[in-house]
There are 2 protein chains.
Amino acid sequence: MAKVDLARRAEIGREKREKTRALILDAGTMLMAERPREAVTIDAVVEAAGVAKGTFYYHFQSIDELAAAVGEKLGESFDAVLGDARRALEDPLKRLSFAFTKFLEKAISDANWARLVVQSSQSRGEYARGVRTNLKADIAQAIVQERVSIRDAELAVDIVMGIWLQVTRGILDRGTRPEVTQQTVESVLRALGASRSDQENAWKKWS
Amino acid sequence: MAKVDLARRAEIGREKREKTRALILDAGTMLMAERPREAVTIDAVVEAAGVAKGTFYYHFQSIDELAAAVGEKLGESFDAVLGDARRALEDPLKRLSFAFTKFLEKAISDANWARLVVQSSQSRGEYARGVRTNLKADIAQAIVQERVSIRDAELAVDIVMGIWLQVTRGILDRGTRPEVTQQTVESVLRALGASRSDQENAWKKWS
DNA sequence: TGTCATATTGACTAAATAGTCGATTTGACC
DNA sequence: GGTCAAATCGACTATTTAGTCAATATGACA
C-alpha cells in the first residue's frame, strides 16, 4: 500500500538511464570517428560500450538514431568551441576568422574530434547544417558590405568549408606546424577576395 | 591427340576474362560512387554485375582488391580528362588552373564520376596520390618562381584539394551555374596568393 | 527487509554476408 | 561433332549482424 512517488521513481530511472546512454553515445562517437557510420555495427558499439545488446535497443532504435545523437553532440561542441565570443564580434570577417581559427585549434588539440568532423562531413547534411548556416550568414553579410569580391555565397561557403575540412585532414595525416592555422585563415580570406586591410585586420586580436 | 596451342587457349581465355572482369569493375565503380567502400558488399556487386558469386572470386580476391582496381581506373580517368594538353603547359599556374577547370567540368558533365571522386577522397591515399603528387609539383614550382605568396606547399595542396572536393560536392548537391567553374579557379589562385596579373592570365586560353 | 518501476542482461531467431568448391558451360580448335 | 582448358555458375557452410524478449538485477523508499 506504500505511497510510491512515481515521479521520483521516473527521475531516478532517468539518471541511471543517462549514464548508460552516455556510455553508448561515447562508444558510438569513438567508432564513428574512425570509420563511416555505415561500417559501425551495433555489436561493435555494445562491445565498446561494455553493455548488452538489449541495452542498446533500450536507448536507441537503430544505428541511425545513434548517429543522429552523435551528430547533435558534435553540433553542440561547435558552439562550445566558439564560446560566446563569437556572438560578440560584429564584423562578419572577424567572426569567420575567429571560428575558423578555433576549429583548427580544436582539431590540433583533439584528434578524435577532428576525425569525427571529417567523417561526418561525408554524410548528407545533419551536423554540418548548423556550421554551414552560420558560415553562410557571415559570408552573405560580408558580400552585402562589399568586403569580399566573391559574389556567390553558396560557392563561397563551399570554398571555406572545403579548406577547413581538407586542412583538418592534413593535420590528422601529416601533423601540423604552429603557423599553419594563421596561414590557412589568411588563405581563406584571400580566397574570398577580402581587401588587403581586411586580410590583416581579421587576423588581429578578436577583441 | 590434337596438337593444342596452349598459348592460344590462354589468350582466348584472357579475352573472355576481360569482359567479365570489366562487368564486375563497372558494377563496383557504380556502387563505390554511391556509398563508402566499407558498405559495398560482394553480394551487391555480383547482383549489380549480373554474375555469380564464384565469378567474383575468380577475378578478385576481395572487395579491397576491387576497390584498388576502381581506384586505378579512376586515376587513369584523371589523365584522360586532362589529355596531353597539360604536359604542354609550361606555366605551373596555368597547368593548375587548366587541370582544376577540367576536373570541375568533368564533375558537372558526369555526376557518377564526381560521386566516385568524392567518395574516394575519404579513403587514405590510393587514388589521390597521383593527383596530389602532380598538384604538389606544380605548386612547388610556383613557389620557387615566387608566383604565389603561400610558402607551405603541403598546406597549399590541402587548400586546393579542399576547394576542389567541396565544390564538387556542391555541384552534386546543389547543381551549378555556368560561372561557377571560372569563379572557383579565380578563388583558388587568390587563395594561393597569386599576383593579380597571374589571376587574370591563368584563366585565359591555355594555348 | 520487501516492494516495484526501471534498467539491464544475454540467449535466441532471422537475415545478411563471406568464402568454398564440384558441376556445368563456353568456344576455339581439330 | 568431339575435345579440353578456361571461365562461369550457384548451392553450400560458416560467420557476422540485426533485432527480440523473457528473465534478472538495481536501488530508492516505505
Side-chain angles (χ1 to χ4, degrees), chain A residues 1-32 34-70 123, chain B residues 1-32 34-70 123:
Chain A
M1 315 293 114
K3 282 181 185 174
V4 179
D5 185 341
L6 291 188
R8 173 69 183 125
R9 273 270 164 81
E11 189 186 339
I12 290 162
R14 218 172 297 131
E15 283 170 13
K16 198 201 295 188
R17 180 188 180 90
E18 285 314 313
K19 269 189 194 160
T20 307
R21 193 189 132 96
L23 232 49
I24 297 170
L25 191 53
D26 286 349
T29 300
M30 193 186 62
L31 290 173
M32 288 184 186
E34 61 190 31
R35 28 184 148 145
R37 66 181 94 309
E38 289 93 337
V40 174
T41 67
I42 292 173
D43 279 341
V45 171
V46 299
E47 190 191 336
V51 301
K53 181 179 278 192
T55 304
F56 174 90
Y57 283 101
Y58 185 74
H59 291 277
F60 299 94
Q61 289 216 339
S62 64
I63 284 286
D64 274 352
E65 194 172 304
L66 174 60
V70 169
S123 53
Chain B
M1 307 308 111
K3 283 182 185 172
V4 180
D5 184 342
L6 291 185
R8 173 72 184 124
R9 275 269 165 81
E11 189 187 337
I12 291 162
R14 218 172 297 130
E15 283 169 13
K16 197 201 297 186
R17 182 190 177 91
E18 285 314 312
K19 269 188 194 161
T20 308
R21 194 190 132 97
L23 230 51
I24 297 170
L25 193 52
D26 286 349
T29 301
M30 191 187 64
L31 291 173
M32 289 185 186
E34 61 191 28
R35 29 187 146 141
R37 65 180 95 313
E38 289 93 335
V40 175
T41 67
I42 292 174
D43 280 341
V45 171
V46 298
E47 190 192 336
V51 301
K53 182 178 278 193
T55 304
F56 175 89
Y57 283 101
Y58 186 73
H59 291 276
F60 300 94
Q61 288 216 341
S62 63
I63 283 287
D64 274 352
E65 194 173 304
L66 174 61
V70 170
S123 52

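The main-chain N or O of A/L25 is found under 3.5 Å from a side-chain atom of A/T29 such that the two form a donor-acceptor pair.
Atoms CD (B/E47) and P (C/dA16) sit 12 Å apart, rounded to a whole Å. Summarising the geometry, the separation between CD on A/E38 and P on D/dA18 is reported as 13 Å, rounded to the nearest angstrom. Rounded to an integer number of Å, the gap from OH of A/Y58 to C1' of D/dT24 is 14 Å. Taking atom CZ of A/R21 as the reference point, atom P of C/dT6 lies 18 Å away to the nearest angstrom. B/H59 places its NE2 atom 7 Å from the C1' atom of D/dA7, with the value rounded to the nearest Å. A straight line from CG of A/L66 to P of D/dT17 spans 16 Å, rounded to a whole angstrom. Following rounding to the nearest Å, B/F56 (CZ) and D/dG10 (P) show an atom-to-atom distance of 17 Å.
A distance of 9.5 Å separates CG in A/L66 from CZ in A/R37, rounded to the nearest 0.5 Å. With values rounded to the nearest 0.5 angstrom, A/E47 atom CD is found 11.5 Å from A/K53 atom NZ.
Residues B/M32 and B/I63 are in side-chain contact: their nearest non-hydrogen atoms beyond the backbone lie under 4.5 Å apart. Residues B/F60 and B/V45 are not in side-chain contact: their nearest non-hydrogen atoms beyond the backbone lie 4.5 Å or more apart.
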Inset, instruction - Encode nucleotides 17-24 of chain C as B, S and - characters from 5' to 3', where the letter depends on protein heavy atoms closer than 4.0 Å: B to the base, S only to sugar-phosphate, - to neither. - result: BBBBB---

Legend entry - Criterion side-chain contact (heavy atoms from CB on, under 4.5 Å) on A/T55 and A/V46, from CA distance to verdict: CA-CA 8 Å; A/T55 304; A/V46 299; over 6 Å; no

